[in-house]
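Here the structure is laid out as structure tokens; the discussion comes afterwards.
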Amino acid sequence: MSGEWTNALEPALRKMKIYSLLTTHYSRLLPAVLLPLVSGCANVDYYWQSVSGQLEIWRRERPVAEVLADPAAAQALKDKLARVLEIRAFASRELGLPDNQSYRRYADLERPFVVWNVFAAPEFSVEPLRWCFAFAGCVNYRGYFEKAAAELFAAELARQGHEVYIGGVPAYSTLGWFDDPVLNTFVHHPDVEIARLIFHELAHQVAYAQDDTAFNESFAAAVEQEGVRRWVAHAGDARQLEEFERNRRARTEFAQLVHKVRGRLEALYRTRLAPDAMRERKSALLAALEAEYRALKAGWGGVDRYDRWFAQQPNNAQLASVGLYTQLVPAFEALLLRERGDLERFYAAVKELAALPKEQRDTRLNALLPGGGK
């Protein structure tokens with residue numbers, strides 16, 4: 001960024017008491033953070049909430065070592081943070097994930113989620129809407145640091161006739177631009193869930209395909225699953241291993257069910273039925289989805305983690321959110337198997353795929369699926 005831009009913005013930044021934070025600690029990334037604010041983009045308000053939300057996280061961060069040495073910190077928090085450091089070390093040592101300062105600082109945001117993602121899809125489509133931003137590229141959701149702002153945006157999309165879904169997110173990746181911290185939004189989760197999250201978010205720093213949410217999230221999901229499997233085996237905890245396998249089965253069967261019903265809806269939307277008839281059949285398919293879920297859940301040994309998901313009355317946007325995170329996981333699992341479980345070679349192959357044009361990338365991924373993706 002030129003000196004002229006910095007000088008022009010300086011009074012406003014000082015007034016908001018964030019100038020020193022930006023220039024002292026993150027000056028090398030100042031252009032990436034501030035360029036959208038001075039580019040004349042119509043999304044200035046959205047960019048500003050993103051910047052101010054990130055700044056608030058930085059303001060609250062403390063080194064984990066400092067929290068561990070703080071006599072005023074709760075012992076339960078210290079125990080969890082010590083466990084996080086063990087998981088973090090395993091991530092780099094055994095999984096080949098980036099060895100940097102991510103997850104070595106802690107921030108208490110005093111709220112249940114760090115961001116709320118808004119997904120949207122037309123009434124008769126399972127394809128989610130996309131939004132494009134500077135640096136991040138195009139993604140199939142919009143994240144907000146305040147729930148009220150997410151609800152306001154979702155309400156506007158609903159007013160336009162779209163179906164919407166708001167999902168609270170305990171953590172997100174800045175793709176290596178910054179060091180991502182441990183947050184109160186997930187630090188008290190079970191150890192297996194913390195490991196899943198850290199492995200997932202660190203995977204985003206390994207490979208990232210511009211404008212391809214499904215590729216990025218499915219890759220990270222595949223890494224998290226393989227990482228947790230290895231971590232649990234390393235820990236040698238039979239109870240955790242049993243819990244992991246039970247939850248893994250539930251996640252897999254839930255995703256398969258959603259993909260199946262999403263495919264049925266996609267086929268329905270391609271027909272030329274009148275809107276009222278389309279809505280009636282759509283309603284029947286969504287009702288069948290819930291009935292099939294109850295049947296699956298009965299065999300999960302008490303796993304009920306998706307009850308709240310169904311309590312929100314699933315719609316196109318909600319189904320799309322699951323697809324974005326899981327639809328390509330089988331392809332990445334097949335790729336890892338092809339590389340004989342060698343994560344270094346697996347990451348290299350994924351980076352090669354990420355560098356390809358999307359059409360070529362999709363063709364190669366589909367070829368890895370059973371039946372060649374058919």
Side-chain angles (χ1 to χ4, degrees), residues 63-65 67-68 78-106 170-183 186-209 215-252 325-326 328-354 368:
V64 167
V67 179
L68 292 175
K78 290 182 179 182
D79 291 344
K80 278 295 188 180
L81 288 175
R83 193 63 168 153
V84 166
L85 291 182
E86 293 176 10
I87 294 170
R88 179 68 185 82
F90 181 89
S92 296
R93 185 182 68 248
E94 303 295 335
L95 304 180
L97 293 171
D99 187 4
N100 53 32
Q101 290 304 306
S102 288
Y103 306 109
R104 292 191 167 99
R105 298 178 69 83
Y106 173 71
Y172 66 92
S173 173
T174 55
L175 309 180
W177 282 83
F178 310 112
D179 296 321
D180 300 316
V182 183
L183 300 172
F186 66 84
V187 73
H188 292 294
H189 287 184
D191 290 350
V192 169
E193 296 304 311
I194 294 174
R196 282 185 60 231
L197 186 148
I198 289 177
F199 299 159
H200 181 107
E201 301 304 338
L202 286 174
H204 284 311
Q205 298 183 23
V206 172
Y208 185 81
F215 176 91
N216 297 322
E217 296 301 341
S218 295
F219 163 62
V223 171
E224 84 179 39
Q225 291 184 21
E226 178 64 15
V228 170
R229 186 188 67 77
R230 297 187 186 195
W231 178 74
V232 171
H234 170 80
D237 189 321
R239 182 189 59 80
Q240 283 190 331
L241 180 59
E242 181 181 349
E243 179 185 1
F244 165 70
E245 290 296 343
R246 185 167 56 248
N247 286 328
R248 184 195 59 79
R249 177 189 171 195
R251 280 195 303 273
T252 300
Y325 280 76
T326 61
L328 294 174
V329 170
F332 285 109
E333 290 175 336
L335 180 57
L336 180 59
L337 184 64
R338 190 191 75 182
E339 300 301 337
R340 300 182 180 182
D342 186 318
L343 287 172
E344 184 177 352
R345 291 172 53 182
F346 172 64
Y347 296 153
V350 172
K351 291 176 183 178
E352 181 182 344
L353 287 170
L368 292 167

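For reference, positions follow the sequence shown, starting with 1.
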Q) What class does the angle between the rings of Phe332 and Phe219 fall in, given that below 30° is parallel, 30 to 60° is tilted and above 60° is perpendicular? A) tilted
**Q.** Basic-acidic side-chain contact under 4.0 Å: Glu86, Arg83
**A.** yes
Q | Cationic N near anionic O, under 4.0 Å, Glu242 to Arg239 | A | no
Q. Counting only N and O atoms by type, is there a donor-acceptor contact under 3.5 Å from the side chain of Asp180 to the main-chain atoms of Thr174?
A.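 Here the side-chain-to-backbone pair exists.
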Q | Main-chain N/O of Ser102 paired with Arg88 side-chain donor or acceptor, under 3.5 Å | A | yes
Just how far is it from atom [atom1] of [X] to atom [atom2] of [Y], taken to the nearest 0.5 Å?
X      : Y      : atom1 : atom2 : result
Ile198 : His200 : CD1   : NE2   : 12.5 Å
Ile87  : Leu202 : CD1   : CG    : 11.0 Å
Trp231 : Asp191 : CH2   : CG    : 4.5 Å
Asp99  : Gln205 : CG    : CD    : 11.0 Å
Arg196 : Phe244 : CZ    : CZ    : 9.0 Å
Glu333 : Thr252 : CD    : OG1   : 7.0 Å

Q. Are any of the side-chain heavy atoms of Gln225 and Val329 separated by less than 4.5 Å?
A.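 A side-chain contact exists here, since the closest heavy-atom pair is under 4.5 Å.
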Q) Heavy-atom distance under 4.5 Å between the side chains of Arg251 and Thr326, does that happen here? A) no
Q.
Set out, in order, the CA-CA distance, both residues' side-chain angles and the distance that settles side-chain contact (heavy atoms from CB on, under 4.5 Å) for Arg248 and Val228, then state yes or no.
A. CA-CA 10 Å; Arg248 184 195 59 79; Val228 170; over 6 Å; no
Give me the atom names and distance for the closest heavy-atom approach of [X] to [Y].
X      : Y      : answer
Ala209 : Phe215 : CB-CD2, 3.5 Å
Pro98  : Val206 : CD-CG2, 3.7 Å
Glu94  : Leu343 : O-CD1, 4.1 Å
Leu368 : Ala331 : CD1-O, 3.6 Å
Phe199 : Ala91  : CE2-CB, 3.7 Å
Val187 : Ile194 : O-CD1, 3.2 Å

Q) Taking only residues two or more places apart in sequence or in another chain, which ones pass ring pair (Phe, Tyr, Trp, His ring centres under 6.0 Å) with Tyr103? A) none
Q.
Taking ring pair (Phe, Tyr, Trp, His ring centres under 6.0 Å) as the definition, give me every residue that meets it alongside His189, ordered by chain and number, with sequence neighbours left out.
A.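 For His189 there are no ring pair (Phe, Tyr, Trp, His ring centres under 6.0 Å) partners, ignoring immediate neighbours.
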**Q.** Glu245/Arg249 under salt bridge (charged side-chain N to carboxylate O under 4.0 Å, His left out): CA gap, chis, key distance, verdict
**A.** CA-CA 6 Å; Glu245 290 296 343; Arg249 177 189 171 195; over 6 Å; no
Q: Show the numbers, then the answer: is there a side-chain contact (heavy atoms from CB on, under 4.5 Å) between Phe90 and Arg230?
A: CA-CA 10 Å; Phe90 181 89; Arg230 297 187 186 195; 4.2 Å; yes
**Q.** Candidate pair Tyr172 and Leu183, rule side-chain contact (heavy atoms from CB on, under 4.5 Å), full reasoning
**A.** CA-CA 10 Å; Tyr172 66 92; Leu183 300 172; 5.7 Å; no
Q.
With salt bridge (charged side-chain N to carboxylate O under 4.0 Å, His left out) as the criterion, how do Arg229 and Glu226 come out once you've worked through the C-alpha distance, each side chain's angles and the decisive distance to 0.1 Å?
A. CA-CA 5 Å; Arg229 186 188 67 77; Glu226 178 64 15; 2.6 Å; yes
Q: Any chance you could lay out the side-chain contact (heavy atoms from CB on, under 4.5 Å) test for Leu85 and Val64, step after step, and finish with the verdict?
A: CA-CA 9 Å; Leu85 291 182; Val64 167; 3.8 Å; yes
